[in-house]
Amino acid sequence: MSVVTRFPPSPTGFMHIGNARTALFNYLYARRHGGKFLVRIEDTDRKRHSEEAVQAIIEGLDWMGLEHDGEITSQFARQDHHKEIAEELLAKGQAYYCYCSPEELEQMREAAKESGAKTFYDRRWRDKGPEDAPEGIAPVVRIKAPLDGVTTIKDHVQGEVSVPNDQLDDFIILRSDGTPTYMLSVVVDDYDMGVTHILRGDDHLNNTFRQKVIIDAMGWDLPEYAHLPMILGQDGSKFSKRHGAQGVHDFRDMGYLPEALCNYLLRLGWSHGDDEIISREQAIEWFDLEHIGKSGAKFDYAKLENLNAHYISEGDINHILEYAAPFYKSRHGIELDDLAIERITKGQDELKSRAKTLIQFADESVFYAKSSPLNFDEKAQSLIDDGQEVLKLLLEGFSSMSEINSDSVKDLCQSIADSHMDGKLGKVAMPLRAAITGTTVSPSIFEACAILGAQECCTRLNAALK
Ligand code: GLU
C-alpha cells in the first residue's frame with residue numbers, strides 16, 4: 001500500500017508553529033515511504049474566510065520547503081459530495097433525520113447535566129420514520145453511533161485508546177440548512193483523497209472516535225493514526241501567545257533559517273538517538289512513527305537559536321543572502337548589489353560564525369553594502385569625535401598603501417598605537433571601526449578594511465574627518 005498523508009489546516013490567518021510541525025511530520029512520513037503528501041484547506045467557515053489566510057498557509061509551507069503533491073483541495077468546494085454521503089448514510093439506515101426543536105435540545109442538555117451523563121441527546125428520532133416528521137421544521141441529519149460496546153483506536157503514538165460507546169452521541173453530520181459538519185467533511189475528504197496515515201495533534205483524538213463511526217458506517221478502511229502531543233511553553237502549559245512567537249512567519253521575521261526551524265520542530269517531538277543536527281535528507285531517511293515522543297515537548301528558544309547559528313555557519317553564502325535579503329531591506333533600506341555580495345562573500349567566514357540570526361548577520365555585514373558617507377550611530381560618532389587625530393594618521397597610512405591585507409592593516413594600527421597610544425591597539429582599532437562601519441560592533445576590522453580595499457577605506461576615513 002502506498003502511503004498518503006495529508007495536511008488539512010483551517011485558514012486562520014497564519015501558520016501556527018504546531019501546525020507547521022504537523023505538516024513537517026506528514027511530509028517526512030510520505031517522503032520516507034515514497035508516498036504522497038497532500039494539502040487540503042478546511043475552508044468551510046465562510047464567514048471568516050479570506051484568501052489571504054489561505055495564502056499565509058501556502059507561503060508557510062513554501063518557506064519551510066514542504067512541497068505537496070497534486071492540487072490543493074478545497075473542502076468547501078466538495079460540500080455537495082459530503083451531502084451525497086450523508087444521503088447515502090440515510091439510505092443505508094446508518095443515519096436519520098432529527099426534528100428536535102431548540103427547546104427540546106435545551107431540556108435534554110439540562111437533564112444530562114443533572115444526571116451527569118456524558119452525552120445529552122436521547123436519540124428520540126433514531127427509530128422514527130418520515131411519517132412522524134412534524135411539518136415546517138428543517139431537520140438535521142444524525143449518524144447512528146453504536147449503542148454499546150467499546151470503540152478502540154490503535155494509535156502509533158498514544159497506543160490503544162478506548163472509549164465506551166455510550167459516550168459517543170448520535171452527532172450531527174448535516175445541519176438543518178443542509179451544510180455538512182466538519183466531522184463528516186473530514187472523513188469523506190480523507191477517504192476520497194486516499195489518505196492512509198493521519199498524523200495530527202492529540203487535540204483531535206476525541207474526534208477520531210466520532211470519525212470512526214462514520215468510517216465504519218460507510219464500510220471504509222480505517223486509516224492509521226498518530227496523534228502528536230502538543231507543543232508546550234517552558235512553564236509546561238500549552239504553547240500560546242504568552243510564550244512568544246506563534247507563527248512560522250514570526251520565526252522567519254526573527255531571522256531564523258527554514259532548515260533551522262524545521263530541524264528544531266523535528267527534534268521537538270521526535271528523536272533519532274542523540275542526533276540534534278538532522279538534515280532534510282537524513283530526516284526523510286529516518287523519520288518514523290515509533291520515535292515520536294509520547295508526552296508534550298517544551299519549546300526552547302535557546303536550542304532553536306543554537307541550531308540557527310549552526311545552519312548559518314555551515315550554510316552556503318548565496319543561500320544565506322537569499323534569506324537575509326529582506327533584513328538588509330527592512331532594517332537598512334538596502335538592496336545588495338554585486339559589489340556588496342562580493343565583499344560579504346569574502347568576509348563570510350567570520351560573519352557566519354558570529355551570527356545567531358539572519359538579523360545579526362545582516363546588521364553586522366551591512367557596512368559592506370553601504371557607501372560613504374555613512375550614518376554613524378551615536379557610539380561610533382563619539383569615538384570618531386574623540387579619535388580625529390588617530391583617524392588622520394590612519395588616512396595618511398592608508399593613502400600610502402595601494403595593496404592592503406589584514407596583516408598590513410593591523411601593522412599600521414599597531415605602529416600608530418605604539419607611537420601615539422601607549423601601544424594600545426584598541427585605541428586605534430575602535431575609531432577605525434567606527435569610521436569604516438559606522439557602528440561599534442563588527443567582525444575583525446582589519447579584515448573588513450582589507451576586503452573594502454585601501455581606496456574605499458580612505459574615502460570612509462575622509463568622510464569621518466572634520
Ligand atoms: N483543520 C483541522 C485543524 O486545523 C485539522 C483536522 C485534522 O487534522 O483532521 O486543526
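Numbering starts at 1 and runs along the sequence shown. Whatever order the structure lists them in is the order used to number ligands and atoms, beginning at 1.
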Heavy-atom nearest neighbour in the protein, as seen from [atom], with distance rounded to 0.1 Å:
atom	result
atom 5 (C) of ligand 1	P8 O, 3.4 Å
atom 1 (N) of ligand 1	E42 OE1, 2.6 Å
atom 10 (O) of ligand 1	H204 NE2, 3.0 Å
atom 6 (C) of ligand 1	Y182 OH, 2.8 Å
atom 8 (O) of ligand 1	R6 NH1, 2.9 Å

Per-atom contacts, ligand 1 versus S10 - under 4.0 Å to a heavy atom: 1 (N), 2 (C), 3 (C), 4 (O)
Run the numbers for me: atoms of ligand 1, each under 4.0 Å from some heavy atom of R200, listed by number.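 Reading through ligand 1 atom by atom, the close ones are 7 (C), 8 (O), 9 (O).
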In this structure, which one of K118, R123, R210 forms a salt bridge (Lys or Arg N to Asp or Glu O under 4.0 Å) with D169? R210
Which bit of P9 is near ligand 1, meaning a heavy atom under 4.0 Å away: side chain, backbone, both or neither? backbone
How does F7 reach ligand 1, if at all, at less than 4.0 Å between non-hydrogen atoms: by side chain, backbone, both, or neither?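 It is neither; nothing of F7 touches ligand 1.
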Pairwise side-chain contact, Y27 with I284, heavy-atom cut-off 4.5 Å (strictly under): yes
Side chains of I277 and N263 in contact at under 4.5 Å (non-hydrogen atoms): yes
Could you tell me if the ring centre of W270 sits under 6.0 Å from that of H291?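 Centroid separation for W270 and H291: 6.0 Å or greater.
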Ring centroid separation for Y225 and H227, is it under 6.0 angstrom? yes
Using distance alone, with no hydrogens and no angle criterion, decide if T437 and S442 have a side-chain donor and acceptor under 3.5 Å apart. no
SB check K298 D235 (cutoff 4.0 Å): no
